[in-house]
Engineer: 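Can you keep this structure in mind? I'll have questions shortly.
Since this is a predicted model, take the numbers as computed values, not measurements. Scope of the values below: all heavy atoms of this structure, side chains included, with no hydrogens, waters or symmetry mates.
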Amino acid sequence: MRDIFITNDIKYIGANDKDIDLFESQYIVPNGISYNSYLINDEKITIMDTIDKRKTDEWLENLERELKGNKPYYLVISHLEPDHAYNIELLSKKYPEMKLIGNNKTFAFLPQFFDIPNLEERKIEVKEGEEISLGKHILKFIMAPMVHWPEVMVTYEKTEKILFSADGFGKFGALDIDEDWACEARRYYFNIVRKIWNASTSPS
């Protein structure tokens, strides 16, 4: 896949998947999808999410290329669905000193999916509006429950003014496909975000 430039310090390390026929086994994706993950180079190198099992090898290659022999200090976990989170366990075992950033629901759910060595010593639980400095970059955490699952949160990087939005502003389609953005973003929102948000807020 072509290089995707974010900023000098923030690198895209995700992957396109053009071999998938159905997203979540029900949504037709003729132009594939992308699994999005980022690396922030700073005094405390930070990875924003991992990606799906289907593209683990490519993601690891991208990660190691951008690490340049360094080790990550933090992994920010915005969402625990497999397309965001499948490689959390692998990464945690590969880098046993790496800290994991999430919220209270993240760490309530995490052991149900993954075996993370020394999780209690490694987890950093954040609340609404809390900030963590990486050096030059500052991450601010905003809870976004039921933008898919109850543990979802988004992260605003204050220095370069970048929002890592979990699933909130997603779309279908691989990143190197030339297509109408609005159409696929609208279809994604109606089928993924709006449906789940409505179900979570409807009166019983």
Side-chain angles (χ1 to χ4, degrees), residues 12-17 19-27 29 32-40 44-64 67 71-128 130 132 139 141-155 164-170 172 188 191-193 195-197 199-200:
Y12 180 81
I13 55 172
N16 284 327
D17 187 348
D19 300 321
I20 190 171
D21 295 320
L22 296 174
F23 179 66
E24 295 186 344
S25 300
Q26 57 182 318
Y27 302 109
V29 283
I33 60 173
S34 66
Y35 308 117
N36 299 324
S37 175
Y38 304 86
L39 183 138
I40 303 175
K44 297 178 178 178
I45 297 171
T46 300
I47 299 168
M48 307 298 295
D49 279 337
T50 75
I51 70 171
D52 195 87
K53 176 183 181 179
R54 294 170 58 93
K55 292 293 179 175
T56 293
D57 291 345
E58 183 176 341
W59 177 73
L60 283 174
E61 289 176 8
N62 294 341
L63 171 62
E64 289 168 6
L67 283 172
K71 295 180 180 180
Y73 194 92
Y74 293 129
L75 168 65
V76 174
I77 303 171
S78 66
H79 186 19
L80 284 171
E81 273 194 296
D83 55 326
H84 293 253
Y86 179 84
N87 288 289
I88 290 175
E89 182 174 330
L90 181 152
L91 195 66
S92 297
K93 291 178 177 177
K94 183 177 178 67
Y95 299 106
E97 296 179 358
M98 182 186 68
K99 306 290 187 181
L100 282 68
I101 298 175
N103 57 66
N104 61 341
K105 291 185 175 67
T106 307
F107 294 118
F109 294 167
L110 194 64
Q112 300 175 45
F113 297 97
F114 305 111
D115 176 22
I116 308 297
N118 303 313
L119 177 59
E120 287 302 311
E121 291 76 29
R122 300 171 68 181
K123 72 179 187 181
I124 297 176
E125 187 175 306
V126 293
K127 297 182 176 64
E128 176 73 30
E130 284 194 26
I132 289 179
L139 303 182
F141 303 97
I142 300 125
M143 303 302 116
M146 295 316 297
V147 180
H148 272 199
W149 289 6
E151 87 298 352
V152 175
M153 67 181 187
V154 302
T155 305
F164 297 91
S165 61
D167 277 343
F169 301 100
F172 298 118
Y188 178 91
N191 285 285
I192 305 295
V193 179
K195 180 173 68 175
I196 294 174
W197 188 85
S200 71

Engineer: Listed by chain and number, what are the side chain to side chain donor-acceptor pair (under 3.5 Å) partners of N62, not counting sequence neighbours?
Structural biologist: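 Expected list: R65.
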Engineer: Under the side chain to side chain donor-acceptor pair (under 3.5 Å) rule, collect the residues that match up with K93, sequence neighbours excluded.
Structural biologist: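 Partners of K93 under the side chain to side chain donor-acceptor pair (under 3.5 Å) test: E89.
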Engineer: Under the side chain to side chain donor-acceptor pair (under 3.5 Å) test, which residues partner K71, sequence neighbours left out?
Structural biologist: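 With sequence neighbours excluded, K71 shows a side chain to side chain donor-acceptor pair (under 3.5 Å) to no residue whatsoever.
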Engineer: Tell me every residue that passes side chain to side chain donor-acceptor pair (under 3.5 Å) with E64, counting only those two or more places apart in sequence or in another chain.
Structural biologist: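 E64 satisfies side chain to side chain donor-acceptor pair (under 3.5 Å) with K94 only.
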Engineer: What distance do S78 atom OG and N36 atom CG have between them, rounded to the nearest 0.5 Å?
Structural biologist: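 CG of N36 is found 10.0 Å from OG of S78.
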Engineer: Can you list everything that forms a salt bridge (charged side-chain N to carboxylate O under 4.0 Å, His left out) with E128? Sequence neighbours excluded, please.
Structural biologist: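 Counting only residues at least two positions away or on another chain, E128 forms no salt bridge (charged side-chain N to carboxylate O under 4.0 Å, His left out).
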Engineer: Is it the case that atom CZ in F164 sees more than 12 heavy atoms from other parts of the structure closer than 6.0 Å?
Structural biologist: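 More than 12 heavy atoms, drawn from other residues, nucleotides or ligands, come within 6.0 Å of this atom.
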Engineer: Mark yes or no for whether E125, through its side chain, and F107, through its backbone, hold a donor-acceptor pair below 3.5 Å.
Structural biologist: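 Not a single qualifying donor-acceptor pair exists.
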Engineer: State the NZ-OH distance between K55 and Y86, to the nearest 0.5 angstrom.
Structural biologist: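 If I round to the nearest 0.5 Å, the distance is 15.0 Å.
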Engineer: Begin with the C-alpha distance, continue with both residues' side-chain angles, and end with the deciding distance and a verdict on side chain to side chain contact (heavy atoms under 4.5 Å, CB included) for L63 and L91.
Structural biologist: CA-CA 10 Å; L63 171 62; L91 195 66; 3.6 Å; yes
Engineer: If you take all heavy atoms of P117 and S92, which pair is closest and at what distance?
Structural biologist: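 In this case the closest contact between P117 and S92 is CD-CB, 4.5 Å.
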Engineer: Looking only at heavy atoms, what is the nearest atom pair of M153 and V76, with distance?
Structural biologist: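 Heavy-atom minimum between the residues: CE-CG1, 4.1 Å.
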Engineer: How would you list all residue pairs meeting side-chain hydrogen bond (donor to acceptor under 3.5 Å, both in side chains) that involve residues 104-115, not counting sequence neighbours?
Structural biologist: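 Residue pairs passing side-chain hydrogen bond (donor to acceptor under 3.5 Å, both in side chains), neighbours aside: N103-T106.
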Engineer: If you measure from CD1 on I13 to OG1 on T50, what distance do you get to the nearest 0.5 Å?
Structural biologist: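 Answer for the CD1-OG1 pair, I13 versus T50, is 9.0 Å.
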Engineer: I need the K99 NZ to K123 NZ distance, nearest 0.5 Å.
Structural biologist: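 Taking NZ in K99 and NZ in K123, the distance rounds to 12.5 Å.
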Engineer: Could you grab the distance from atom CG of L75 to atom CG of L39, nearest 0.5 Å is fine?
Structural biologist: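 It comes to 10.5 Å.
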Engineer: Check I124 against Y74 and note the closest heavy-atom contact, atom names and distance.
Structural biologist: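 Closest approach of I124 to Y74: CD1-CE2, 3.4 Å.
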Engineer: Donor-acceptor pair, N87 side chain versus I51 backbone, under 3.5 Å?
Structural biologist: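 Flag set: sc N87 to bb I51 pair under 3.5 Å.
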Engineer: How many angstroms lie between atom CD1 of I88 and atom CZ of F114, to the nearest 0.5 angstrom?
Structural biologist: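 It is 4.5 Å, given to the nearest 0.5 Å.
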Engineer: Looking at L60 and L90, what are the two nearest heavy atoms and their distance?
Structural biologist: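 Closest heavy-atom pair between L60 and L90: CD2-CD2, 3.8 Å.
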Engineer: Where the side chain of N118 meets the backbone of E121, is there a donor-acceptor pair that is under 3.5 Å apart?
Structural biologist: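 No.
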Engineer: Can you name the closest pair of heavy atoms from W149 and H79 and give their distance?
Structural biologist: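 Here W149 and H79 meet closest at CG-CE1, 3.6 Å.
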Engineer: Tell me if a side-chain donor or acceptor on S37 pairs with a main-chain N or O of Y35 at a distance below 3.5 Å.
Structural biologist: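 No, because the side chain of S37 does not come within donor-acceptor range (under 3.5 Å) of the backbone of Y35.
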Engineer: For the pair R122 (side chain) and I116 (backbone), establish whether a donor and an acceptor sit closer than 3.5 Å, ignoring hydrogens and angles.
Structural biologist: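 No, the answer is negative, given that no donor and acceptor are paired below the 3.5 Å cut-off.
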Engineer: So do the side chains of T155 and I101 get within less than 4.5 Å of each other, counting heavy atoms only?
Structural biologist: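 Side chain of T155 against side chain of I101, heavy atoms only: no contact under 4.5 Å found.
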Engineer: Name the one of D83, D17, D19 that satisfies side-chain hydrogen bond (donor to acceptor under 3.5 Å, both in side chains) with R54?
Structural biologist: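 Filter result, single survivor: D17.
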Engineer: Which heavy atom in D167 sits nearest to a heavy atom in E81, and how many Å separate them?
Structural biologist: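 Reported closest heavy-atom pair: OD2-OE1, 3.8 Å.
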Engineer: Do F109 and P150 touch side chain to side chain, with heavy atoms closer than 4.5 Å?
Structural biologist: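 Counting from C-beta outward, F109 and P150 do come under 4.5 Å.
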Engineer: Side-chain contact, heavy-atom cut-off 4.5 Å: Y95 with I45?
Structural biologist: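 Answer no - side chains too far apart.
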Engineer: Evaluate the side-chain proximity of L139 to V126: yes if any heavy-atom separation is below 4.5 Å, no if none is.
Structural biologist: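 Answer no - side chains too far apart.
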